Amino acid sequence: MNEYIPQADKEFILKELKRYETPISALIPSLFCIQKRHGWVPAEAVKELSLLSDLPESRINEVLNFYTMFNKKPVGQLHVQVCCNVSCAMNGGRELAKHICETYKVGFEQVSPCGTVTVSPVECLGACDKAPMMQVGQAYYEDLTNESALEVLEKLAFEKAKVSAHV
Amino acid sequence: MVTVKKVQRRNLQTQSYIPSLLKGLGFTFSKMIKNLFNQDKMPTLNYPEEKYDYSPRFKGNHVLTVKKDGALRCTACMLCATNCPADCINIVASEHTDPAVEKFPIHYEIDVLRCVYCGFCEEACPVDAIRMGPEWQTAGVNGSVFNYDIKELAHRPGLKGGAVSRVDDLERHKAGI
Amino acid sequence: MFKCTINGHEVEVPEGASVIEAFKLLKEDIAHYCWHPGLSIAGVCRLCMVQIDDGPRLHIACNTLVKDGMKITNQTEVVKEAVRWGMDFHLINHPLDCPICDQAGECGLQEQYMKYGQYDSSMAEKKVKKRKVVDLGERVVLDSERCILCSRCVRFTDEVTKTNELGIFNRGDHSEIGTFEDQPLDNKYSLNTVDICPVGALTSKDFRFQQRVWYLKDTDSICTGCSTGCSIKVYHNKEGLFRVKPVFNEKVNGHWMCDEGRDLYKHVNAPVRLKQILKSVGNEWFPLGLERALDHLNEAFSKAENISVLITAQHTVEEYKALKNWAQQLQDKTINFVYWKNNPESFDSFDGLLIRGDKNPNTKGLLEAGFEFADASVLDSSDLVLAPMPENPAVYPKYMEKLEQLSKLQTQLCLLSVSNITQHETINFADGTLAIPMKTAFEKAGHFINHQGLTQKIHKGRVIVKAALGLDELLQAIKIGKWIQPQLLKSRKTNESSKVSGELW
Amino acid sequence: MSESQLLTEHYHKDTYKSLKGYQADGGYEVLKKAFKMEPQAIIDEVKASGLRGRGGAGFPTGVKWGFLPRNDETRYLLCNADEGEPGTFKDRMMMERAPHQLIEGMIISAFAINSPKSYIYIRGEYDQCIETVTAAIKEAYDAGLLGENILGSGFKHDMDVYYGAGAYICGDETGMISSLEGLKGQPKLKPPFPAVQGYLKKPTIVNNVETLAAVIPIIDKGAEAYKAIGTEKSSGTKLFSVSGCVEKAGNFEVPLGYPLMDLIELAGGLRPGRKLKAVIPGGSSAPVLTAEECLTAKMDYEDLSAKGSMLGSGAVMVIDDSQNMVDLLGVIMHFYHHESCGQCTPCREGTGWLSKMVHSILEGKGRIADLDLILKVANQMKGKTICALSDAAALPALSFVTKFRDEFEDYIKRGHQYAAEALHV
């Protein structure tokens, strides 16, 4: 039963349910919590969350599908979000996104064959002064060139591999 | 003013009919002789051995067209039946297993004895599923054979103009229609 | 009361009424999809545009309250242009499915398009493709492509049934209605979503592809499913009855009705009906003409000492009256009336919205008719039992058991039945038992009194079984020895309006 | 320039992030001053200062506060830190560099409108901001600056952070309220307006980060002093996020009414050898200005609206002659298509339609008639919907196509040549 929401997350979610004026406000933090655990939000987790929070599944699914930061399908270890909005587009954001895709031989929104990378072109991330930029996981990487972006990704992939090897 | 019309009294010549009779027979006989020797100029046909070749646009018996895969194009929308002034089309619709097709007729029957061959069904059809074909000879031994069902209406590939509709559903879907 | 002017006509509306309600009050044309009088205001279709006091900004009529002295118009060129484009926005991604869409003929889009359409569409891009033929459980089929996202169905499950099954997922023009993981939409009122859907996005599985709506005629009636007595329209043609839809009745059902009630037309259609009078002789049934049947009955009634009537609350006020009169005329006989309730344990239950445990349309009517009811035990000592059966024996399981028990006692029965009782396998009826086809509530006119004590009229719709008799007609025939059906002489009086949609959406 | 740096004066200091550093530079002093004032006096002061919302719509802040019903109903203060307008990055900097400035501004504002609870709604992508602000709130609680009886004034106020999950529409005040209520971030019908019925149907005030921070200098120096900065009608300073084809993109705080060309110079000017083609002066939803219009443009509400554009969120996107306007409109239209919440039909269908039309031009399949159709569709999207997203999508489409029609027509005529080079993401 506790397959998708382990006890630690459950406690966090229960706390969030009480934190705001209405329990339904806890949906976004709870879904983030699930996503942090699994990399994406599986349908089974939504069911479990529904049982846990006593909120209808359709409401949770509405919220899940409305916001773009929730992944509705599995993503690679590194979720590379490259800004392709106006300021970045003028400074080569789209070319950068394509370049990363070509290097990892993967289409947009797909998991690369090695399982490390998913590239998503996204809308403005609020770092237009340092365009082009990308967000990997939570962190921003700004003032990128094709080469520096790949360097960053390689380094991050290496670290991820190290961590998983350690585990 | 009154005009008095004098009634012509019949004479023997007219009363006996013989001269007219001979005149008529003579005409027939002369035509017979003429046709015997000039058969290609004869205005009539030796039906049923010979048949008249109608224009391909002739609106004769109905044809249900089929898609490239052989399935009926008809979507059982009943617009032909609605439009039919003779009320001779009877359709029973059903759910298709393929969601792209959705609705199709499991029973489609035209009572050609009631049909007035107006062609309204053809015009009402939104998917080119029914056409008026060039066939027109309908004969049968009793009334029931004039209720044409899908088997008789759809599977006539030898017809001029073909019974296969040009546009494919798949192509339409791809074109975003 | 506020006074306002709509397109030059003055109208008085109660305080707090919205502009669209004022339009409806005046029966003035206004395009709208998302607004529904029984639901909250969504204000998303943006079609009910009006201009107020000649101001340049357009307002939506559904979310604007009428103020005293307001001048409202939707006839200016600006509004018309906005509505035309609003229609176009609705249609650019709507598939051209009309030929196979069940809603065609009573579709909001079709109707409004004829009035406000921009006949030559400029859209040349590809349409957005969405899911088609999505199975939403037992009763409802969803077609996302046809959906115009008016959110009526979502608001219905949120606000009326409070079951929250439906939601709008994704955003922008990829928004789709649906249930989580296509779980079934299985609340007891699910088909109301089909009714309020202004397009063919939600269709009823039961009615799907059965008939085109323009082949149907409708008759106003009352649902016989329970003592709530919802106002309904029954849709029928020469092939039988096809569907039942609720009609707005402020006092009883509002805009809604339950799914169970919509199934009741099924026992009216020919295949399950008893079509002629049958007499049981030695465990076999023989057809009987009406006159001979009446002779037989008269004989049986004169012979019998102890007559019982096993009555349920499924008949009209008029029939009870006739029964009462008939009993009074047979003063020399003992006639016991036994009132049979369905499922006594759940008889008084109520689900809070519409469905009641009392599965009879006329319980109040029966009780008010002034019968003196005897205990059910008198049945066992009766020689003859007149049993006008419930229309739908499925909700009366114990009733059938009782008949079986009486047959075992070799009690002669006079059954008045809608369903083909002779097909009943387990019952061996006593010799001389008559089975007479009975009229359903859709085939006769009369009155029902619902649980509130409200008397409601039912209209005579299409006659499916010509030989069927009402209880009053049978009693009349017994009295005079024959029966002339005056109704047959008159033309069938049905509501011939071909405007099936009208107020429905 | 120091007199114009009302907000960003100390931003260069790393210590300004922490409570200690902030207090060392005079932080929370204004709060003490505010507590000595009557709440109504604060509202009047803000009204008198002419402060207008810095988030995009530019609605006078004091007037907005005045809309609150005069009763004892619980009211909420929401800080709109869902900075989604493309080209804007000022709020992010403010929250990262000076979280306490925002908190102080919010406590003063909350005191003025007598709100016991406030939320800072930060966009989900700004993880750094969420961390910084959460930490700062904790610091403030520990120092007795939040919670019961703040600084002995008897005023009780709680503050919390809420974060979005990637939806531009949550930047709309009612969209944000929906999102905070745990629903989809779809804007709500108005009326009722949030000041009457907002978060949980209670009176709610939603203000931008910069607006709330700007309350501090107003209370500190007085409305008169604040009004002296900027132009007559647009008072005070404003942070402009300059980005695009400039040498040193970044945030610049200048008085309102500052000439646009000077602002571009502040940002290091154009890249060498490039000519100015156009400027989007207020985030992607603001109509574009041509190079000629830029020469005389002043960055204030009135001058820009006189030029048919708007100040918006103050995101100045500079476009030089290396850029293709059709391509940029494609990017902008894709953005609005992607971000439309899908509630109102004209926006849901219109944004998709516009985006498809511009992209089919980009793909070389356009017709000249499409340009007129774009104008027609965009015109019909204006003012027809619940929120302003539909207008925000229509305005750039209208301005790009009308002001750069030659370029669009040229593109359509030589479509296939360009189409090969076009990048579609």
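In what follows, chains carry the letters A, B, and so on, assigned in the order in which the sequence lines appear, proteins first and then strands, with residues in each chain numbered from 1. Because the structure is a prediction, the values reported are computed rather than measured.
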Name the orientation class of the two ring planes belonging to Trp353(D) and Phe89(C) (parallel below 30°, tilted from 30 to 60°, perpendicular beyond 60°). perpendicular
Passes side chain to side chain contact (heavy atoms under 4.5 Å, CB included), Thr345(D) versus Leu149(C)? Steps please. CA-CA 8 Å; Thr345(D) 311; Leu149(C) 296 161; over 6 Å; no
Mind ranking Arg367(D), Glu349(D), Met381(D) by heavy-atom pairs under 4.5 Å with chain C and telling me who comes out on top? Glu349(D)
Give the minimum heavy-atom separation between Lys126(C) and Lys356(D), together with the two atoms involved. O-NZ, 2.7 Å
Need one label for Lys190(D): side chain, backbone, both or neither, based on atoms under 4.5 Å from any heavy atom in chain C. backbone
Name the option with the most non-hydrogen atom pairs under 4.5 Å to chain C; the candidates are Pro191(D), Gly383(D), Ala369(D), Ser360(D). Pro191(D)
Hey, does the side chain of Arg348(D) reach the backbone of Ile148(C) with a donor-acceptor pair shorter than 3.5 angstrom? yes
Please classify the contact between Ile386(D) and chain C as side chain, backbone, both or neither, with a heavy-atom cut-off of under 4.5 Å. both
Side chain, backbone, both or neither: which part of Glu339(D) has a non-hydrogen atom closer than 4.5 Å to chain C? both
Can you tell which part of Leu47(C) gets under 4.5 Å to a heavy atom of chain D, answering side chain, backbone, both or neither? neither
Atom of Lys384(D), atom of Ala82(C) and distance for their closest heavy-atom approach: CE-CB, 3.6 Å
Is any side-chain heavy atom of Arg171(C) closer than 4.5 Å to one of His338(D)? yes
